[in-house]
Amino acid sequence: MDTKNQLLRMLPSVDSCLAHPQMQVLLGMYSRHQVVKSIRVAIQEIRGGLLQGDDNTLPSEDALRALVLEQAYHRLGATQHFELQSVINATGIILHTNLGRAVLPEAAIEAITAVASGYSNLELDLTTGERGDRQASVKGLVEELTGAEAALVVNNNAAAVFLCLNTLAQGKEVIVSRGEQVEIGGSFRIPDVVRASGAHLVEVGTTNRTHIRDYAAAIHQETAAILKVHTSNYKIIGFTAAPSRGELVQIGNAHRILVMEDLGGGNLLDLSSFGLSPEPTVKDSIAAGVDLVTFSGDKLLGGPQAGIIAGRRDLVRQIASNPLARAMRVDKLTLAALEAVLELYREPDRLARTLPTIRMLSLGERELLDRAHKLLDTMEQVIPNHGDLSIVDAFGEVGGGTLPGTSLPGKAVAFRPHHVSAHGLQQELRLVQAKNHIQQRELFPVIVPIQDDRLTFHVRTLLPGQVDAIASALDMVLGGEVR
Ligand SMILES: *Cc1c(COP(=O)(O)O)cnc(C)c1O
């Protein structure tokens with residue numbers, strides 16, 4: 001018994017542990033509160049162990065302190081999170097650029113995990129044992145799904161547009177309508193990209209009306225291409241005119257210049273079956289005779305960040321041999337995910353179940369209402385008497401700079417808090433994980449908009465299990481205050 005008392009007296013104090021250099025590092029990563037708590041719990045556990053144990057050998061004071069530090073360290077590690085972390089998207093915006101655009105399907109996650117956790121045949125042809133093409137399968141799928149002769153995948157669509165122009169129009173002129181001088185968020189501007197690629201921009205037409213004769217008048221010896229750009233994030237309505245794809249192809253052929261199209265989101269699917277306005281598919285563009293089409297992997301396609309170039313074989317070959325293509329090439333994880341996503345498109349009828357982006361788009365009113373009721377009930381249980389809860393109609397968006405002016409009628413749970421401001425609560429829900437002092441449960445920041453002084457939890461963009469996760473976050477922030 002004496003030995004035990006001696007042992008207990010040797011346990012280090014919280015302050016002495018805090019002062020240890022090893023803990024200084026942790027103080028830079030976690031709040032002081034978190035670190036102190038982890039040390040306290042570690043000391044308590046070790047004390048418990050000492051009281052129960054019958055080992056009478058005396059460890060040194062230093063050894064005990066080291067043990068405390070190690071356990072405290074471990075405990076903090078259990079709630080460790082990275083700066084880039086999962087959040088819950090309750091905005092109703094499916095392709096939210098700030099929230100990482102498309103959610104990948106299970107098939108893509110599995111493909112990434114398999115390729116990431118070991119070696120792969122990235123550049124090995126398993127049939128011949130020779131060096132293989134890292135993009136072979138993805139290229140084949142793009143060709144099959146778009147009808148294009150050839151394809152190439154690069155880091156994003158901005159890179160795709162740049163690379164096409166740099167390869168085929170450097171030092172020459174590229175004609176773009178004034179109505180299509182697009183700026184995408186994050187400094188992608190068509191005039192700047194054309195200039196940076198080394199091509200000279202020739203603007204034709206006016207903001208609202210450009211005619212085929214405007215293009216024709218601008219073509220001369222130095223013209224390399226006509227670039228048609230999808231006005232992804234705005235709409236020009238009213239007194240407008242733009243030549244059809246067919247007319248552009250015709251004039252391009254007649255003058256032996258290229259016709260390129262930056263499709264932005266690049267649908268592989270006709271979206272009108274989901275009640276959205278019909279948008280041209282990549283296949284439509286290729287079929288109309290456009291020489292090269294570029295589009296994003298993580299917009300409506302629903303895949304990883306990537307830029308896809310599809311079109312004429314001779315042109316794609318030229319583009320692939322541009323030294324800059326290497327600087328823009330995608331890694332094996334992207335290829336794994338993209339192959340898995342494109343594979344899903346081979347069974348388009350199942351996409352509403354297999355691909356999260358399409359699944360969210362295709363949710364019907366009954367499903368949305370069911371979800372809203374489930375969220376409302378769960379919230380009522382977890383935070384009763386904290387505010388007014390109701391189910392409301394709420395408009396979401398496809399987002400990601402696609403389908404401007406198209407709103408998706410959806411459902412949301414509106415919450416008007418009684419004891420805190422809506423803006424205060426909105427911020428607390430964003431910071432929820434930072435508040436998670438050494439708790440067992442996992443918490444995720446919730447991103448939710450405010451409408452009419454009420455937090456409006458859109459249900460369309462929630463993923464399985466997130467109804468409960470929202471309730472946990474609210475419980476963390478509000479729970480215990482008014483019971
Ligand atoms: C989104 C978009 C881009 C940029 O695509 P990223 O994949 O984000 O680089 C370029 N052009 C158009 C028309 C777009 O809509």
Side-chain angles (χ1 to χ4, degrees), residues 93-104 138 142 151-166 169 174-197 199 201 203 210 225-236 242 245 248 259-268 271 276-277 279-282 284-285 290 292-311 319 324-325 327-331 333-335 337-338 341-342 357 397-406:
I93 300 170
I94 297 176
L95 298 167
H96 200 303
T97 298
N98 298 3
L99 305 183
R101 288 198 184 154
V103 172
L104 291 179
V138 164
V142 173
L152 182 72
V153 180
V154 291
N155 251 322
N156 51 33
N157 188 30
V161 175
F162 176 89
L163 194 61
C164 289
L165 293 172
N166 180 261
V174 173
I175 305 173
V176 185
S177 159
R178 288 200 171 85
E180 298 175 355
Q181 304 284 346
V182 181
E183 172 180 323
I184 310 289
S187 83
F188 176 95
R189 306 172 105 191
I190 284 292
D192 295 347
V193 171
V194 172
R195 217 168 288 130
S197 76
L201 177 68
E203 298 184 29
T210 303
I226 290 172
L227 174 63
K228 182 173 173 58
V229 184
H230 190 253
T231 55
S232 301
N233 51 7
Y234 64 96
K235 256 199 160 60
I236 296 176
R245 228 172 245 103
L248 291 177
V259 177
M260 303 187 194
E261 184 167 12
D262 173 11
L263 272 174
N267 307 334
L268 292 181
L271 294 173
L276 298 173
S277 52
E279 285 275 318
T281 63
V282 179
D284 292 338
S285 274
V290 172
L292 280 174
V293 175
T294 61
F295 54 103
S296 292
D298 56 351
K299 289 188 180 171
L300 277 163
L301 189 73
Q305 181 190 304
I308 300 169
I309 300 168
I319 292 165
L324 284 173
M328 295 169 182
R329 81 172 183 183
V330 286
D331 73 316
L333 305 187
T334 302
L335 288 171
L338 190 57
V341 169
L342 292 172
T357 299
E397 292 168 37
V398 179
T402 60
L403 310 188
T406 304

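Atoms within each ligand, like the ligands themselves, are counted from 1 in listed order.
- Here the heavy atom of the protein found nearest to atom 15 (O) of ligand 1 is S232 OG, 2.5 Å.
- Proximity of E261 to ligand 1, defined as any heavy-atom pair under 4.0 Å, is not found for any part of the residue.
- Atoms of ligand 1 lying under 4.0 Å from any heavy atom of G264, numbered from 1 in the order shown and given with element: 12 (C), 13 (C), 14 (C), 15 (O).
- Not a single heavy atom of V182 sits less than 4.0 Å from an atom of ligand 1.
- The shortest heavy-atom contact between L201 and Q181 is CD2-OE1, 3.8 Å.
- Those atoms of ligand 1 with a heavy atom of H230 less than 4.0 angstrom away are 13 (C).
- Note: N155 CG to M328 CE = 8.5 Å, rounded to the nearest 0.5 Å.
- Atom NZ of K228 and atom OG of S177 lie 8.0 Å apart (nearest 0.5 Å).
- Distance alone, capped at 3.5 Å, is enough to place a donor-acceptor pair between the D331 side chain and the T334 backbone.
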Which is it for D262 and I190 under the side-chain contact (heavy atoms from CB on, under 4.5 Å) test, yes or no, and what are the steps along the way?
-> CA-CA 10 Å; D262 173 11; I190 284 292; 4.1 Å; yes
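- Separating the CD atom in E183 from the CG atom in N233 is a distance of 8.5 Å, to the nearest 0.5 Å.
- Near F188, the atoms of ligand 1 lying under 4.0 angstrom from a non-hydrogen atom of the residue are 10 (C), 11 (N).
- Once rounded to the nearest 0.5 Å, the distance linking CD1 of I319 with CG of L163 reads 6.0 Å.
- Looking at atom 11 (N) of ligand 1, its nearest protein heavy atom turns out to be D262 OD2, 2.6 Å.
- Within the structure, ligand 1 lacks E180 among the residues with a heavy atom less than 4.0 angstrom away.
- When hydrogens are left out, the protein atom nearest atom 10 (C) of ligand 1 is N157 ND2, 3.2 Å; that is the closest non-hydrogen contact.
- When hydrogens are left out, the protein atom nearest atom 9 (O) of ligand 1 is A158 N, 2.9 Å; that is the closest non-hydrogen contact.
- Residue R101 has at least one heavy-atom neighbour below 4.0 Å for each of these atoms of ligand 1: 6 (P), 7 (O), 8 (O).
- Contacts between K299 and ligand 1 below 4.0 angstrom, taking non-hydrogen atoms only, involve the side chain exclusively.
- Under a 3.5 Å cut-off, the side chain of N157 and the backbone N or O of G265 do not form any donor-acceptor pair.
- Protein heavy atom in closest approach to atom 7 (O) of ligand 1: S296 OG, 2.7 Å.
- Here the straight-line distance linking atom CE of M260 with atom CG of L165 works out to 5.0 Å at 0.5 Å rounding.
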